[in-house]
Amino acid sequence: MGILEKIKEIEAEMARTQKNKATGKLVLLTLLLNCKYHLGQLKAKIAKLRTQLLEPPKGSSGAGDGFEVTKFGHGRVALIGFPSVGKSTLLTMLTGTHSEAASYEFTTLTCIPGIIHYNDAKIQMLDLPGIIEGASEGKGRGRQVIAVAKSSDLVLMVLDASKSEGHRQILTGELEAVGLRLNKRPPQIYFKKKKTGGISFNSTCTLTHVDEKLCYQILHEYKIHNAEVLFREDATVDDLIDVIEGNRKYMKCVYVYNKIDVIGIDDVDNLARQPNSVVISCNLKLNLDRLLARMWEEMGLVRVYTKPQGQQPDFSEPVVLSTDRGGCTVEDFCNHIHRSLVKELKYVLVWGTSARHYPQHCGLQHHLQDEDVVQIVKKKEKEEGGRGRFKSHSNAPARISDREKKAPLKT
């Protein structure tokens with residue numbers, strides 16, 4: 001039996017267990033608890049099988065037929081969606097790069113990059129082929145598309161506003177099946193394997209979804225018998241499995257509803273009020289500026305301008321930082337310019353919203369904000385050989401004839 005068949009069999013067993021629970025056959029409390037433990041074990045088995053499904057086959061060299069796109073710019077945005085929802089048209093409008101668009105599906109067969117110039121920053125946008133249901137299992141080059149999405153800083157899920165809401169749930173399920181967690185933060189669970197000592201289970205809050213027995217069963221499913229587990233929040237079984245797997249990636253996602261010109265104003269209003277959603281129309285060029293502003297806000301890019309000593313600030317080309325790519329502190333700013341600058345730094349002068357007064361003397365751990373101006377002050381080189389009459393050498397010329405003669409006094 002293959003991995004896909006095993007996954008489908010376990011999913012069918014989970015559906016039967018939940019159905020029996022819903023119909024009231026599992027009435028007694030002990031049976032309900034056993035049902036919860038059984039579902040937890042089944043979820044752990046599915047997570048293990050999905051991880052095996054993503055691994056390259058044994059005996060292969062590891063190199064696949066993926067999309068080779070070099071990272072460029074200060075951020076990367078991936079367009080993901082079903083075929084014929086307007087991804088290529090959106091790329092052409094925002095970047096100016098021509099991406100073939102037609103009335104039939106699967107027009108785009110490879111990854112097409114483009115560059116967005118916005119707020120003095122360069123953002124790379126990738127037009128990926130449309131994915132279909134079952135992409136996490138390898139259908140329709142789904143694995144290659146999702147692999148590129150994992151390397152992005154932001155995911156734009158392009159949806160057709162005239163179709164049902166089920167498309168959004170299908171795409172979210174496909175991405176979560178391969179380890180992508182959209183608009184979620186990592187669970188506050190401390191997990192560490194040990195060599196001896198058994199399993200140590202603790203929590204700093206009241207747990208309603210996971211207890212000690214269920215945690216033991218999930219760890220035994222992964223053949224882990226010595227570990228330390230600490231819950232800092234009321235997490236679920238899925239959160240515990242994500243922490244044990246350790247290969248999940250938490251990404252920001254914006255749901256872009258295209259083709260709003262073919263639906264009513266009430267439907268547009270309902271879509272626009274949903275969380276993390278933006279409504280646009282590529283045909284009529286509606287709300288594209290709001291989409292760019294939302295992308296900038298979600299990516300958290302910070303522009304920092306440099307100011308040489310005794311000169312005006314240079315507003316032509318900023319240094320662009322981000323929390324996902326290194327950080328936004330003064331130390332990250334110095335490392336972005338040159339690695340050796342941190343050792344030579346004495347302090348920095350900061351003008352902007354992050355400063356309490358202008359200018360503010362700041363150290364390496366100061367967090368910079370958008371459109372701050374920074375002046376770097378280096379340490380002065382120490383004079384060797386002492387000072388004053390204790391100098392071991394003189395800077396004066398060796399010969400008297402080489403010395404500069406003073407100008408005669410005016411009388």
Side-chain angles (χ1 to χ4, degrees), residues 70-79 94-95 113-126 149-156 181-186 249-254 256 275-276 278 288-309 311-378:
T70 305
K71 277 193 173 184
F72 180 82
H74 305 108
R76 172 181 276 194
V77 179
L79 297 176
L94 295 181
T95 66
I115 302 298
I116 301 175
H117 297 272
Y118 185 74
N119 285 347
D120 297 328
K122 299 175 182 178
I123 303 174
Q124 185 183 43
M125 177 172 281
L126 303 179
K150 280 188 175 182
S151 66
S152 305
D153 302 313
L154 178 67
V155 173
L156 290 185
R181 299 293 178 262
L182 303 180
N183 298 324
K184 293 181 181 179
R185 59 177 180 83
K249 184 168 184 182
Y250 298 85
M251 300 185 62
K252 295 180 180 179
C253 177
V254 176
V256 182
N276 304 311
V278 178
L288 296 179
D289 53 347
R290 174 57 188 158
L291 175 60
L292 290 174
R294 185 61 182 271
M295 287 169 50
W296 180 270
E297 178 184 349
E298 293 293 338
M299 296 181 71
L301 297 179
V302 174
R303 294 166 292 172
V304 181
Y305 299 96
T306 56
K307 179 185 180 301
Q309 295 186 22
Q311 302 180 22
Q312 293 294 324
D314 181 16
F315 293 107
S316 60
E317 188 174 355
V319 177
V320 182
L321 308 174
S322 66
T323 307
D324 298 333
R325 293 192 178 190
C328 299
T329 62
V330 173
E331 183 178 2
D332 303 322
F333 170 75
C334 295
N335 290 331
H336 191 87
I337 297 175
H338 199 276
R339 290 290 181 183
S340 63
L341 192 57
V342 175
K343 299 178 182 179
E344 304 173 2
L345 180 70
K346 186 176 182 181
Y347 61 88
V348 296
L349 298 176
V350 179
W351 293 262
T353 55
S354 67
R356 297 180 181 177
H357 49 81
Y358 301 149
Q360 180 181 349
H361 287 63
C362 301
L364 292 174
Q365 301 305 319
H366 178 75
H367 284 270
L368 300 172
Q369 296 182 9
D370 194 24
E371 294 186 321
D372 279 357
V373 177
V374 175
Q375 175 181 325
I376 297 175
V377 180
K378 294 183 178 180

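For the single chain, residues carry numbers from 1 onward in sequence order. In this text, all values refer to a predicted model and were calculated from it rather than measured experimentally.
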Tell me every residue that passes side-chain contact (heavy atoms from CB on, under 4.5 Å) with R185, counting only those two or more places apart in sequence or in another chain. Q188, E233

Counterpart residues, side chain to side chain donor-acceptor pair (under 3.5 Å), relative to Q369 (two or more places apart): T353

Which atom pair, heavy atoms only, marks the closest approach of L349 to P359? CB-CB, 4.0 Å

For H361, ring pair (Phe, Tyr, Trp, His ring centres under 6.0 Å) partners two or more places apart: Y347

How many angstroms lie between atom CD1 of I337 and atom CG of L345, to the nearest 0.5 angstrom? 10.0 Å

Here the gap from S354 atom OG to H366 atom NE2, rounded to the nearest 0.5 Å, amounts to 3.0 Å

Say you draw a straight line from CD1 of I376 to NE2 of H338; how long is it, rounded to the nearest 0.5 Å? 12.0 Å

Only counting residues at least two apart or in another chain, list the ones meeting side chain to side chain donor-acceptor pair (under 3.5 Å) with Q360. none

What are the two closest non-hydrogen atoms of M125 and M295, and how far apart are they? CE-CE, 4.0 Å

Test side-chain contact (heavy atoms from CB on, under 4.5 Å) applied to C328 - qualifying residues, sequence neighbours left out: V302, L321, T323

Between CG of L156 and CZ of R294, what distance do you get to the nearest 0.5 Å? 10.5 Å

Closest contact, heavy atoms only, T95 versus G114: CG2-C, 3.8 Å

CD/E297 to CG/L154 distance, rounded to the nearest 0.5 angstrom? 11.0 Å

Between I123, V77, L292, which is the residue that forms a side chain to side chain contact (heavy atoms under 4.5 Å, CB included) with L94? L292

Taking only residues at least two apart or on different chains, which pairs with a member in residues 312-323 satisfy salt bridge (Lys or Arg N to Asp or Glu O under 4.0 Å)? none

Interatomic distance, Y250 atom OH to K184 atom NZ [nearest 0.5 angstrom]: 8.0 Å

Just jot down the side chain to side chain donor-acceptor pair (under 3.5 Å) partners of K307, sequence neighbours excluded, or say none. Q375

Taking the side chain as everything from C-beta on, heavy atoms only, tell me whether P113 gets closer than 4.5 Å to L126. yes

Minimum heavy-atom distance Q365-T329, with the two atoms named: O-CG2, 4.3 Å

Residue set satisfying side chain to side chain donor-acceptor pair (under 3.5 Å) with S322, at least two apart, ordered chain then number -> none

So, for V350 and C362, which heavy atoms are closest and what is the spacing to 0.1 Å? CG2-SG, 3.8 Å

Would you please name every residue forming a side-chain contact (heavy atoms from CB on, under 4.5 Å) with F315, sequence neighbours left out? Y305, P313, V373

Side-chain donor or acceptor of Q124 paired with backbone N/O of T70 under 3.5 Å: yes

Show the numbers, then the answer: is there a side chain to side chain contact (heavy atoms under 4.5 Å, CB included) between K252 and N276? CA-CA 9 Å; K252 295 180 180 179; N276 304 311; over 6 Å; no

Side chain to side chain contact (heavy atoms under 4.5 Å, CB included) evaluation trace for V374 with V330: CA-CA 9 Å; V374 175; V330 173; 5.7 Å; no

Polar side-chain atom of D153 near backbone of R76 as donor-acceptor pair, under 3.5 Å: yes

Measure across V320 and D120 and return the closest heavy-atom pair with its distance rounded to 0.1 Å. CG2-O, 4.4 Å

Using the salt bridge (charged side-chain N to carboxylate O under 4.0 Å, His left out) criterion, which residues pair with K378? Sequence neighbours excluded. E344

Residue set satisfying salt bridge (charged side-chain N to carboxylate O under 4.0 Å, His left out) with K249, at least two apart, ordered chain then number -> none

Applying side-chain contact (heavy atoms from CB on, under 4.5 Å) to D370 and not counting sequence neighbours gives W296, R303

